[in-house]
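Some notes on the structure that comes next.
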Amino acid sequence: METKELYTAINEAIMELDKERLDQLTEQAIAQNVNVMEAVEMAYTPGIRSIGEKFEEGEIFVPELIHAGMMIKEAISTLEEQLKTGQAAKKGKFLIGTVEGDIHDIGKDLVSTMLATRGIEVIDVGVDCPAVKFIDAAVENDVDIIGASCLLTTTAPELVKIVDLLKERDLRDKFYFVVGGAAIEEEWAKSIGTDGFAGDLQEAVKLALSLLEKKEGGA
Ligand code: B12
């Protein structure tokens, strides 16, 4: 199968919630040695976002959403096993987590893996992580960047909480703070005083690398 055709088939298997087919196609993608980041952005992510739209429009319900989440998580981790992480020189430390009240972790885990493949050490504080835990863990691990994932509009105020707590503890200049996730818009992220936003994997990697470079340059 041609790569483009394969991506379309993966997208369709996700939309049809067909786990068996998705597993087959994922194996095929591995056999064809596809570029993992490209496959995720072009096949898996659009598929799962369409599932989100179907859910929003009332075409599918929570059980289907859970099924979709599980099957895509499994497929992506199979795909990710192909990536070699931690071989490049350590470029810096990135702490990542999903904000309190939010348990979505597919995007967070993908960002973690991609950063690790670029030589960045990732400390993952998991999902449903309180603001104070982000900051305590950042201090404890002496990280360069704190990254928070937020998929729900109801939990977006957690990001403001992190900024406020950083200021309160006089740590705002010690760490860069970046955010991502479906509930966040770039303009809003800027307006609350974050150091950056990324809407996809490529942007996330670019953002992290540029901030680490800036830090190294003493800016
Ligand atoms: C799968 C899914 C689930 C799964 C999650 C499984 C899992 N293990 O993660 C389950 C079933 C658990 C779930 C539950 C719920 N969900 Co849900 N879910 C989704 C869905 C369809 C896909 C999310 C996803 O994985 N996307 C794919 C990844 C790759 O994309 P991503 O997360 O955006 O990440 C990328 C970027 O945003 C960025 N990024 C992400 N994080 C970060 C962090 C940093 C630091 C950086 C730099 C970048 C970055 O890079 C990533 C890679 O490209 C979305 C739809 C959507 N449009 O997102 C709804 C969605 C997020 N869910 C929604 C809802 C409402 C819920 C529930 C409340 C449903 C319910 N009634 O129970 C619960 C909430 C549970 C909770 N407390 O968290 C709504 C949120 C609406 C809103 N505006 O608040 C959405 C938008 C669906 C919709 N359109 O209605 N969900």
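Every number for a ligand or one of its atoms is a count from 1 in the order of the listing.
- Residue Lys73 has no N or O atom closer than 3.5 Å to an N or O atom of ligand 1.
- Not one N or O of Thr154 is nearer than 3.5 Å to an N or O of ligand 1, by distance alone.
- Of the listed residues (Leu212, Ile145, Asp144, Ile120), just one forms a side chain to side chain contact (heavy atoms under 4.5 Å, CB included) with Lys93, and that residue is Asp144.
- With respect to the salt-bridge test (charged N to carboxylate O, under 4.0 angstrom), the residues Lys174 and Asp142 qualify.
- Residues satisfying the salt bridge (charged side-chain N to carboxylate O under 4.0 Å, His left out) test with Glu80, not counting sequence neighbours, are none.
- Distances from atom 54 (C) of ligand 1 to the protein include no heavy-atom value under 4.0 Å.
- For residues 40-69, the pairs satisfying side-chain hydrogen bond (donor to acceptor under 3.5 Å, both in side chains) are Thr26-Tyr44, with sequence neighbours left out.
- Side-chain atoms of Ile30 and Glu81, non-hydrogen and from C-beta on, never get closer than 4.5 Å to each other.
- Salt bridge present: Lys73 and Asp109 bring a charged side-chain N and a carboxylate O closer than 4.0 Å.
- Considering backbone and side-chain atoms alike, Ile103 places an N or O below 3.5 Å from some N or O of ligand 1.
- Under a 4.0 Å criterion applied to the non-hydrogen atoms of Gly147, ligand 1 contributes the atoms 45 (C).
- Judged by the shortest distance from any of its heavy atoms, Leu207 lies outside the 4.0 Å radius around the atoms of ligand 1.
- Where the criterion is an N or O separation shorter than 3.5 Å, residue side chain and backbone included, Glu56 meets it with respect to ligand 1.
- With sequence neighbours excluded, the residues satisfying side-chain hydrogen bond (donor to acceptor under 3.5 Å, both in side chains) with Gln32 are Gln28.
- Every N/O-N/O distance between Ala198 and ligand 1 stays at or above 3.5 Å.
- In this structure, atom 81 (C) of ligand 1 is not in close contact with the protein, since no protein heavy atom lies within 4.0 Å of it.
- Distance check for atom 67 (C) of ligand 1: every protein heavy atom is found at 4.0 Å or beyond.
- The set of protein atoms (N, O or S) found at less than 2.8 Å from atom 17 (Co) of ligand 1 reads His104 NE2, by chain and number.
- Remark: atom 29 (C) of ligand 1 lies closer than 4.0 Å to at least one protein heavy atom.
- The distance from ligand 1 to the heavy atoms of Asp102 drops below 4.0 Å at these ligand atoms: 78 (O).
- One finds no salt bridge joining Lys190 and Asp195 here, because no Lys/Arg side-chain nitrogen approaches an Asp/Glu carboxylate oxygen to under 4.0 Å.
- The distance from ligand 1 to the heavy atoms of Ile66 drops below 4.0 Å at these ligand atoms: 11 (C).
- Of all atoms in ligand 1, listed by their number and element, those nearer than 4.0 Å to a heavy atom of Asp105 are 7 (C), 8 (N), 9 (O).
- Heavy-atom contacts of Ala182 reach the following atoms of ligand 1: 33 (O), 58 (O) (cutoff under 4.0 Å).
- Distances from atom 85 (C) of ligand 1 to the protein include no heavy-atom value under 4.0 Å.
- Of all the heavy atoms of Thr153, the ones lying under 4.0 Å from any atom of ligand 1 are found in both the backbone and the side chain.
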